[in-house]
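Worksheet: the structure to be examined is printed underneath.
Everything numeric here is computed off the predicted structure, so don't read it as measured data.
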Amino acid sequence: GNLYLPKRGIGPRPAVLGTCGHSTPGKGEPLYQAFSRHLARMGYVVLIYDPISQGERMQFLGLPRSRQPGGLCPDHNMMGNQMHLLGGYFGSWRAWDGIRALDVLLSRPEVDRTRVGVTGNSGGGTMSTWLTGLDQRLTMAAPSCFVTSFLSNLENEESQDAEQVPPGLLAAGLDLADFFVAYLPRPTILLGKANDFFDRRGLEDTYDELRRLYRIAGAGDNIQLFIGPGDHGYTVENREAMYRFFNRHTGLRANAREPRPLKAEAPQTLHATPKGQVHYLRPKPRTVSDFTADAARELAGRRKPLAGAKLAAAITKRLALPGRAGPPHYRVMRTQWVHPTKATRLADNRFPIETEPGVQAMVHVFSRQRLFHFPPGKSATLYVSHLSSRAELLAKQVPAVDPLFAVDVRGIGAMAALTCSLGEFFAPYDSDYMYATYGQMLNEPYSGRRVHDVLCALDLLADKGYRDVHLVGRGLGAIWATFAACLHPRVKRVTLHNALLSYHELTQVPVYTWPLSSLVFGILKDFDLPDCLRELARRKKLTLAAPWDAHQRPWKREALRAHLKALGLSGIRVKV
């Protein structure tokens with residue numbers, strides 16, 4: 001961190017904690033230097049600190065560049081999604097940084113502890129918001145370019161970083177306004193921009209709600225809204241609105257206008273470490289991933305194996321699976337022909353099934369025969385796709401049976417979302433990630449709802465007389481098939497292609513490629529995938545085919561043998 005002190009003034013001075021937005025230089029970002037320097041020029045003591053994986057706190061420097069996540073936002077999500085498995089929240093780490101930085105600021109003899117503000121823009125607006133609700137020592141707040149409503153972000157398809165989506169927040173009936181309700185009636189100015197991607201309408205609604213509550217509390221003058229011109233950013237208009245507000249509530253009579261131009265310092269002149277990175281300090285510091293790996297090993301050492309009814313109950317609870325009242329309603333769509341020539345073409349008979357009100361999964365019946373009704377039978381193969389049943393059929397990755405039943409769960413294949421689509425399923429902020437974050441805030445894991453879709457497809461097969469189902473999953477679909485097979489009695493045989501063998505292994509490497517939607521919040525507190533695989537091997541015929549590692553790559557034969565032994569899966573049939 002950097003501490004900015006006024007050159008003049010006698011006695012304790014008002015203070016401000018500066019929180020950085022998503023800028024690679026962190027505290028060295030010129031816009032953040034600007035507000036820190038001008039606040040000090042006006043008479044404030046300012047402490048601004050680097051967030052995790054920004055400025056001098058980069059987390060992945062020890063890895064080859066090709067293996068690094070790709071920048072501060074992917075860095076944040078890599079760490080945040082990983083601790084998700086342990087029931088952790090990256091935003092808590094970020095907020096604790098701010099609380100400890102405030103401890104440092106308040107320890108300074110120059111600081112008047114009765115006049116202490118917090119401000120930041122974008123990701124710094126996030127931290128300003130969290131800290132406003134969490135720390136009673138702050139006496140005034142000025143979050144910029146973050147506050148809106150979660151509904152606005154969802155409607156506008158605005159994905160957010162791992163620290164910006166608190167688990168269970170929406171399930172608790174809360175929104176961003178509530179962080180300031182917890183802060184009533186201390187002075188707050190909400191800062192926005194006219195053309196910000198954080199919707200100004202949500203900001204205005206939040207302000208209206210808070211203004212009503214501040215008036216009820218008899219402190220109507222303590223809440224203010226300022227929306228500056230232009231795009232997202234802590235521009236001079238917003239900074240000067242913050243200065244005026246803080247001056248008013250601290251009693252400082254200082255010029256709120258910044259001198260122009262205000263030349264920024266080179267980031268290296270602001271370094272607090274000898275080589276410009278905490279990474280190079282000795283003794284070698286621990287990364288966030290190191291802490292996660294240690295915590296996961298501790299959980300693994302305490303965790304007792306689960307099986308039978310206890311495992312089924314744990315799966316149902318952790319995945320927050322909704323109840324099922326019988327076979328799902330299905331529609332009959334026009335048949336599509338898969339192959340262009342008569343000799344090889346197959347009918348893609350499509351049956352959308354309603355798995356929840358307004359939610360559908362697609363059951364495909366690939367067959368030589370064109371079907372106008374869902375076919376009855378006694379035994380079936382149900383394929384759970386990785387990204388698309390039809391694409392994987394064309395790539396000859398599916399079982400060669402006729403008919404072949406396949407299910408594209410919500411957000412996959414035929415049911416791929418068009419919302420928030422960047423054209424690449426694994427893109428950091430595509431729809432798959434966005435819906436997973438909202439599931440997290442609603443305490444409804446996206447992975448759990450996809451398992452629910454598979455269970456509904458199995459219910460439909462059972463209703464049509466199928467008593468013996470061979471469940472086949474690939475990649476992501478192998479995870480959902482694993483959980484479904486542990487719960488559904490009609491599944492007699494299970495084949496998992498390119499399956500992840502344990503969630504634990506994702507916590508033991510700094511970088512992995514499995515998406516947030518495939519993970520389950522807090523699952524490693526109760527059980528792991530090897531518990532499920534042992535259960536399936538005990539009760540049903542289980543085959544693993546070419547399992548994938550943490551990077552979604554096939555294991556080498558010798559490494560796989562050792563890994564299976566370590567997981568207690570040595571007796572399971574594996575095809576490499």
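Residue F521 is tested with P167, P445, S447 for a side chain to side chain contact (heavy atoms under 4.5 Å, CB included); the sole match is P167.
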Working for salt bridge (charged side-chain N to carboxylate O under 4.0 Å, His left out), residues D97 and R57: CA-CA 12 Å; D97 272 355; R57 299 180 69 193; 2.7 Å; yes
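In terms of modelled atom types and a separation under 3.5 Å, the side chain of E298 and the main chain of R302 share no donor-acceptor contact.
Both tests do not hold together for R318 against F527: distance to the six-membered ring centre under 6.0 Å, angle to the ring axis within 45°. A cation-pi arrangement is absent between R282 and Y280, since the terminal nitrogen or guanidinium carbon is not both under 6.0 Å from the aromatic centre and inside a 45° cone about the axis.
The side-chain heavy atoms of D528 and I523, taken from C-beta on, include no pair separated by under 4.5 Å. For the pair R534 and R538, the minimum side-chain heavy-atom distance is 4.5 Å or more. Two residues are said to be in side-chain contact when any heavy atoms from C-beta on lie closer than 4.5 Å; H497 and K575 fail this criterion. Taking the side chain as every heavy atom from C-beta outward, L471 and W480 never approach each other to under 4.5 Å. Within the 4.5 Å cutoff, side-chain heavy atoms of L524 are placed close to those of R303. F426 places a side-chain heavy atom less than 4.5 Å from the side chain of P515. At least one side-chain heavy atom of L461 sits under 4.5 Å from a side-chain heavy atom of L382. I353 has its side chain out of reach of Q360: every pair of non-hydrogen atoms, C-beta onward, lies at least 4.5 Å apart.
Applying the salt bridge (charged side-chain N to carboxylate O under 4.0 Å, His left out) test to every pair with at least one member in residues 379-392, sequence neighbours left out, gives these pairs: D348-R390.
Counting heavy atoms of neighbouring residues, nucleotides and ligands inside a 6.0 Å radius, atom CZ of R467 does not exceed 12 of them.
Partners of T273 under the side-chain contact (heavy atoms from CB on, under 4.5 Å) rule, at least two apart in sequence or in another chain, are E56, V278, L281. The side-chain contact (heavy atoms from CB on, under 4.5 Å) check on R553 picks up D549, H551, with sequence neighbours excluded. In this view, N153 and T148, F150, E158, Q160, F198, Y438 satisfy the side-chain contact (heavy atoms from CB on, under 4.5 Å) rule, not counting sequence neighbours. Scanning for salt bridge (Lys or Arg N to Asp or Glu O under 4.0 Å) contacts around D50 gives K27, with sequence neighbours left out. For the side-chain contact (heavy atoms from CB on, under 4.5 Å) test, residues two or more places apart in sequence or in another chain that qualify with Q68 are F60, L63.
Rounding to the nearest 0.5 Å places CZ of R449 at 11.5 Å from CG of L455.
Side-chain contact, R450 with S517: a donor N or O sits under 3.5 Å from an acceptor N or O.
Ring-plane geometry between H386 and W548 is classed as perpendicular, the angle between the planes exceeding 60 degrees on a 0 to 90 degree scale with a lower cut at 30.
When all heavy atoms are compared, the tightest approach of S389 to D408 is OG-OD1, 2.7 Å.
Here the two rings, on F291 and W93, have centers that are under 6.0 Å apart. Within the 6.0 Å centre-distance limit, the rings of F405 and Y466 are counted as a close aromatic pair.
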